[in-house]
Asker: 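I'd like to ask you about the structure that follows.
What you see below is based on every heavy atom in this structure, not just the backbone, and it leaves out hydrogens, waters and symmetry mates.
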Amino acid sequence: QVQLVESGGGLVQAGDSLRLSCAVSGRTFSTYTMGWFRRAPGKEREFVAAISRNLGFTYYADSVKGRFTISRDNAKNTVYLQIDSLQPEDTGVYYCAASRGTTQVMARGADNYWGQGTQVTVSS
């Protein structure tokens with residue numbers, strides 16, 4: 001079992017940047033593929049980004065390429081999501097996820113471990 005706790009959300013203005021963090025409990029962090037999803041108001045939860053467990057290969061949703069950067073620090077059991085040039089449509093709850101599968105498997109959303117989410121609100 002793994003526990004995930006997100007932080008770093010808040011109310012920001014369009015054009016601002018934000019870095020979300022996800023702290024993961026346990027000593028097996030490096031064995032998990034990590035990722036981020038988001039749920040916009042009135043919409044389904046969607047995949048945002050993932051990073052592989054070993055070599056740090058990254059995988060992004062087409063809608064966020066170029067503005068979102070996922071990274072991980074295995075020594076700190078933490079995964080990050082840097083979001084630049086925030087737009088109102090980025091508003092939503094951002095969830096951290098962990099998976100025993102590949103980045104593509106994680107992106108499908110099944111069998112992931114989930115955090116509780118952190119709210120990001122972008123004003124225009």
Asker: With a 4.5 Å limit on heavy-atom distance, are the side chains of Asn74 and Phe29 in contact?
Answerer: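 Yes - at least one pair of side-chain heavy atoms lies under 4.5 Å apart.
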
Asker: Kindly give the heavy-atom pair with the smallest separation between Thr118 and Gly9, and that separation in Å.
Answerer: OG1-N, 3.2 Å

Asker: Would you please test Gln3 and Tyr113 for side-chain contact (heavy atoms from CB on, under 4.5 Å) and show each step?
Answerer: CA-CA 8 Å; Gln3 293 184 328; Tyr113 295 99; over 6 Å; no

Asker: Which salt bridge (Lys or Arg N to Asp or Glu O under 4.0 Å) pairs, counting each pair once, include a residue from residues 64-81, with sequence neighbours left out?
Answerer: Asp62-Lys65, Arg67-Asp90

Asker: Restricting to non-hydrogen atoms, name the atom on Ser124 and the atom on Ala14 that form the minimum distance, rounded to 0.1 Å.
Answerer: CA-CB, 4.3 Å

Asker: Take Leu20 and Ile83 through the side-chain contact (heavy atoms from CB on, under 4.5 Å) test and state the conclusion after the steps.
Answerer: CA-CA 8 Å; Leu20 307 182; Ile83 310 174; 4.2 Å; yes

Asker: Leu18 and Val93: same hydrophobic cluster, using ILVMFWY side-chain contacts below 4.5 Å?
Answerer: no

Asker: Quick one, Asp16 with Val122, criterion side-chain contact (heavy atoms from CB on, under 4.5 Å). Give me CA distance, side-chain angles, the key distance, then yes/no.
Answerer: CA-CA 9 Å; Asp16 286 350; Val122 185; over 6 Å; no

Asker: What are the two closest heavy atoms between Asn77 and Gly26, and how far apart are they?
Answerer: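 Shortest heavy-atom contact: ND2-O, 2.6 Å.
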
Asker: If two hydrophobic side chains count as joined below 4.5 Å and joins carry through other members, does Met106 share a cluster with Tyr32?
Answerer: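 No: no chain of side-chain contacts under 4.5 Å links Met106 to Tyr32.
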
Asker: Look at the side chain of Arg53 and the backbone N and O of Arg100, then say whether any donor-acceptor pair between them is shorter than 3.5 Å.
Answerer: yes

Asker: Show every ring pair (Phe, Tyr, Trp, His ring centres under 6.0 Å) that has at least one partner inside residues 47-98, sequence neighbours left out.
Answerer: Phe37-Phe47, Phe47-Tyr59

Asker: Examine Val105 and Val48 and state if one hydrophobic cluster contains both, with Ile, Leu, Val, Met, Phe, Trp and Tyr joined whenever side-chain heavy atoms are less than 4.5 Å apart.
Answerer: no

Asker: Could you state whether Met34 and Leu81 fall into the same hydrophobic cluster, counting links through intermediate Ile, Leu, Val, Met, Phe, Trp or Tyr residues with side-chain heavy atoms under 4.5 angstrom apart?
Answerer: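 Yes, because Met34 and Leu81 connect within a single hydrophobic cluster, where side-chain heavy atoms sit under 4.5 Å apart.
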
Asker: Is the CD atom of Gln104 crowded by more than 12 outside heavy atoms at less than 6.0 Å?
Answerer: yes

Asker: Glu6 side chain to Gly117 main-chain N or O, any donor-acceptor pair under 3.5 Å?
Answerer: yes

Asker: Is it the case that more than 12 heavy atoms not belonging to Asp111 sit under 6.0 Å from its CG atom?
Answerer: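 No, because the 6.0 Å sphere around CG of Asp111 holds 12 heavy atoms or fewer from other groups.
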
Asker: Quick one: does Thr58's side chain have a donor or acceptor within less than 3.5 Å of a partner on Ala50's backbone?
Answerer: no

Asker: Check the surroundings of atom CD in Gln116: do more than 12 heavy atoms from other residues, nucleotides or ligands lie under 6.0 Å from it?
Answerer: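 Counting other residues, nucleotides and ligands, CD of Gln116 stays at 12 neighbours or fewer.
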
Asker: Considering non-hydrogen atoms only, spot the tightest contact between Ser71 and Val79 and give its length.
Answerer: O-CG2, 3.1 Å

Asker: Using distance alone, with no hydrogens and no angle criterion, decide if Gln119 and Thr121 have a side-chain donor and acceptor under 3.5 Å apart.
Answerer: yes

Asker: Applying salt bridge (Lys or Arg N to Asp or Glu O under 4.0 Å), name anything that partners Glu46, two or more places apart in sequence or on another chain.
Answerer: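 If we apply the salt bridge (Lys or Arg N to Asp or Glu O under 4.0 Å) test to Glu46, skipping adjacent residues, the hits are Arg38.
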
Asker: Is the backbone of Ser7 close enough, under 3.5 Å, to the side chain of Ser21 for a donor and an acceptor to pair up by distance?
Answerer: no

Asker: Can you tell me how far apart OG1 (Thr91) and CD (Glu89) are? Round to the nearest 0.5 Å.
Answerer: 8.0 Å

Asker: As a quick check of understanding, evaluate side-chain contact (heavy atoms from CB on, under 4.5 Å) for Trp36 and Cys96, giving each step before the final call.
Answerer: CA-CA 5 Å; Trp36 291 90; Cys96 180; 4.1 Å; yes

